[in-house]
Amino acid sequence: MLRRSSRGSVPLSAAQPLRAGALRIDRPARRVFLGDVEKQLTPRAFALLEFLMSHPDEVFGRERLLQTVWGFDAIVTSRAVDHRVAEIRRVLGEDAAAASYVETVPGLGYRFVHPVERG
């Protein structure tokens, strides 16, 4: 039954390139494009964006993001997530008050709000 339900569809977490409107990430090359312009993110900010894009519309708290993106043994504060989200927004030219990609959910965390597709 599982084979029938998932036949022909690759989950977003396994898709190589992901696209959300003008935003595209090339996972194997670890590159981010906004339109035709390549944007530079730090490795951790790229990993955070990649994770959020792979799980659109899901809200993730800072602690969950630290465990998933930074790893269990990382010695950082939850503010590290906020700094990487700020970096992503700055690089993408996004305003936190009118987020079109990464939205802050007050009291809960962050979510990727734009529809994501493979390719």
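In this chain, residues are counted from 1 in sequence order.
- Listed by chain and number, the residues in a side chain to side chain contact (heavy atoms under 4.5 Å, CB included) with Asp57 amount to none (sequence neighbours excluded).
- Between Phe46 and Val91 the shortest side-chain heavy-atom distance does not fall below 4.5 Å.
- In the hydrophobic clustering of ILVMFWY residues, with side-chain heavy atoms under 4.5 Å counting as a link, Val116 and Leu34 come out together.
- Considering all non-hydrogen atoms of both residues, His114 and Gly21 come closest at CE1-N, 3.3 Å.
- Listed by chain and residue number, nothing satisfies the side chain to side chain donor-acceptor pair (under 3.5 Å) test with Arg24 (two or more places apart in sequence, or in another chain).
- Residues near Val37 contribute nothing to a hydrophobic cluster around it, because no ILVMFWY side-chain heavy atom sits closer than 4.5 Å to its side chain.
- Residues Arg62 and Asp82 meet the side-chain proximity criterion, which asks for heavy atoms closer than 4.5 Å.
- By the side chain to side chain donor-acceptor pair (under 3.5 Å) test, Arg19 pairs with no residue at all, sequence neighbours left out.
- Minimum heavy-atom separation, Ala80 to Trp70: O-CZ2, 3.9 Å.
- Every pair passing salt bridge (charged side-chain N to carboxylate O under 4.0 Å, His left out) that includes a residue from residues 33-50 is listed here, sequence neighbours excluded: Arg27-Glu50, Arg30-Glu50, Arg31-Glu38.
- To the nearest 0.5 Å, atom CG of residue Leu92 and atom OH of residue Tyr101 are 7.0 Å apart.
- Considering only residues two or more places apart in sequence or on other chains, Glu87 meets the side chain to side chain donor-acceptor pair (under 3.5 Å) condition with Thr42, Arg84.
- For Ser100, the side chain to side chain contact (heavy atoms under 4.5 Å, CB included) partners two or more places apart in sequence, or in a different chain, are Glu94.
- Of the candidates Val85, Ile88, Leu48, Tyr110 forms a side-chain contact (heavy atoms from CB on, under 4.5 Å) with just one, namely Val85.
- Side-chain atoms of Val113 and Val102, non-hydrogen and from C-beta on, never get closer than 4.5 Å to each other.
- For the side chain to side chain contact (heavy atoms under 4.5 Å, CB included) test, residues two or more places apart in sequence or in another chain that qualify with Pro28 are Gln16, Asp26.
- Counting heavy atoms from C-beta outward, Ile25 and Pro17 have side chains that stay 4.5 Å or more apart.
- Val105 is linked by a side chain to side chain contact (heavy atoms under 4.5 Å, CB included) to Val59, Glu103, Leu108, Arg111, counting only residues two or more places apart in sequence or in another chain.
- The ring pair (Phe, Tyr, Trp, His ring centres under 6.0 Å) test applied to Phe51 returns His55, Phe60, not counting sequence neighbours.
- A salt bridge does not link Arg89 to Asp95: none of the charged nitrogens lies less than 4.0 Å from a carboxylate oxygen.
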